[in-house]
Amino acid sequence: MKLALVSMSALALITAPAAFGWGSTGHELVSGCAIDGLSKDVPAFLRAKGVRDEIALLGREPDRWKNAGRAHDYERDPGHYINIGDDGLAARIYSLDDLPVARSDFEMAYRLMNIRPPVPGYLPYSIIDGYQQIVKDFAYWRADRIAAKNAKTAEDRAWFAADMKLREMLTIRDIGVWTHYVGDGSQPLHVSEHHDGWSKYPDPMTYPPAGLGAEITGIHSYFEGPFVRKNVTADMVRAKMPAYADCKCGIEKRVPEYLKKTLGYVTPFYVMMQAGGFRDSTAEAKSFTVDRIAAGAAEARDMIEDAWKASANSTVGWPTINVADIESGKVILTRASFGAD
């Protein structure tokens, strides 16, 4: 059993990163460029004038929540990262390939070892949970759109039309906030125990490295903040975004695969850092950073596209009603369909 192999003394040494995700500029780039890349298949309200900039700004929102209070911060701050060690495990228990379905089960394993959040962070669940919310948002929007046209009474049609507008507002908000966590997942220092240096680990890397410079006191904050602001533009990111990719898998599979790819960039990041790439803003360092932000933007774009497709087979209301039955005309909604008293 995995838990029996865990060393409590070793776990006590694992700490949480001090910074969150990309800086404001980086998150705006991830969130905004994700919307720039959407196809015409998704609802037009996501491409309406001004919405792109709203979502880009909302992409910064989870970092603005910091220091709201102990209960708030204790619950939300670990959602920005997952600390994977050199053994491929998060705090010596779970790999990205064998995460339990529920975050509660994930955290229970650590609590049984007397390890409480923020160790080791739960970024995969932030992304999965947010994606599933967006699927549900789209499902209700689909239902509202049909019912606003074919509900049997004028009163019900007006109600569904108003509910659709409210759902659009909620969806914009949910997508904006959620893209923040997808962006965190493209930042190599947010998926590794080596989140701000490597000095405490048995590795030839040292920190602070000679190639960074004494004037820069933290590589994590410098890389995701000032370096991005000085060297990355939206045009650069859009140019590096790959075409839409359908992983032909569920979200519980897609997210770990995404984070594993990001994990593969941790060592190259430190090699480049020691060589002075980020200090000197070399072409290689700039390209590396643009690629990482573009990867986050492309992943967010692809997941939004997937969420829209998945919503066609989702359900709404209680008792639940299949969206496909609403869109086919098999079921005609009433206000009570969304929850009778």
Side-chain angles (χ1 to χ4, degrees), residues 1-21 62-63 65-133 177-178 180-203 207 218 220 224 250-267:
M1 184 177 178
K2 284 186 177 181
L3 295 181
L5 302 178
V6 179
S7 167
M8 292 180 64
S9 60
L11 287 167
L13 298 176
I14 301 172
T15 58
F20 295 140
D63 281 348
W65 297 341
K66 292 187 295 182
N67 301 314
R70 291 179 62 189
H72 176 285
D73 296 349
Y74 190 85
E75 173 66 21
R76 300 190 188 213
D77 288 358
H80 294 256
Y81 60 88
I82 183 166
N83 289 338
I84 303 297
D86 293 339
D87 57 1
L89 304 177
R92 314 296 188 265
I93 299 180
Y94 288 115
S95 74
L96 288 168
D97 287 321
D98 64 1
L99 297 173
V101 171
R103 176 185 151 196
S104 57
D105 293 334
F106 175 80
E107 291 188 341
M108 180 61 70
Y110 296 98
R111 291 181 185 277
L112 288 174
M113 302 304 297
N114 199 32
I115 304 161
R116 296 179 178 273
V119 177
Y122 58 84
L123 175 59
Y125 297 99
S126 298
I127 301 174
I128 293 169
D129 172 61
Y131 169 88
Q132 291 172 340
Q133 178 62 56
V177 168
W178 166 78
H180 178 98
Y181 299 106
V182 181
D184 283 345
S186 70
Q187 215 280 46
L189 303 185
H190 272 255
V191 297
S192 172
E193 286 185 355
H194 306 296
H195 47 74
D196 199 20
W198 211 308
S199 62
K200 295 181 180 179
Y201 301 85
D203 191 278
Y207 182 78
H220 188 134
E224 68 187 16
I251 191 65
E252 291 87 355
K253 175 69 172 176
R254 178 159 194 154
V255 170
E257 289 299 317
Y258 168 52
L259 298 180
K260 283 193 295 182
K261 288 179 183 178
T262 303
L263 188 62
Y265 289 93
V266 173
T267 297

query = Is S95 reaching over with its side chain to a backbone N or O of G88, donor-acceptor style, under 3.5 angstrom?
reply = no
ask   = Do we see a donor-acceptor contact under 3.5 Å between the side chains of H80 and D184?
value = yes
inquiry  = Over 60° means perpendicular and under 30° means parallel, so tell me whether Y94 and Y110 are parallel, tilted or perpendicular.
reply    = perpendicular
request  = Heavy atoms only: give me the nearest P256-I251 pair and the separation to one decimal.
outcome  = CD-O, 4.2 Å
message = Tell me the closest heavy-atom pair linking D105 and P100, and the distance in Å.
response = CB-CB, 3.9 Å
query = Do E257 and R254 meet the salt-bridge criterion of a basic N to acidic O distance under 4.0 Å?
reply = no
query = Of the non-hydrogen atoms in P124 and L259, which two are nearest, and what is the gap between them?
reply = CG-CD1, 3.6 Å
ask   = Quick one: does D73's side chain have a donor or acceptor within less than 3.5 Å of a partner on N67's backbone?
value = yes
inquiry  = When you compare the side chain of H195 with that of Q187, does any pair of heavy atoms fall below 4.5 Å?
reply    = no
inquiry  = Using the side-chain contact (heavy atoms from CB on, under 4.5 Å) criterion, which residues pair with D129? Sequence neighbours excluded.
reply    = none
ask   = Y125 vs F106 aromatic rings, parallel, tilted or perpendicular, using cut-offs 30° and 60°?
value = tilted
query = Does S186 offer a backbone N or O that forms a donor-acceptor pair with the side chain of Y258 under 3.5 Å?
reply = yes
key: L96 versus L99, closest heavy-atom pair with distance   = O-CG, 3.8 Å
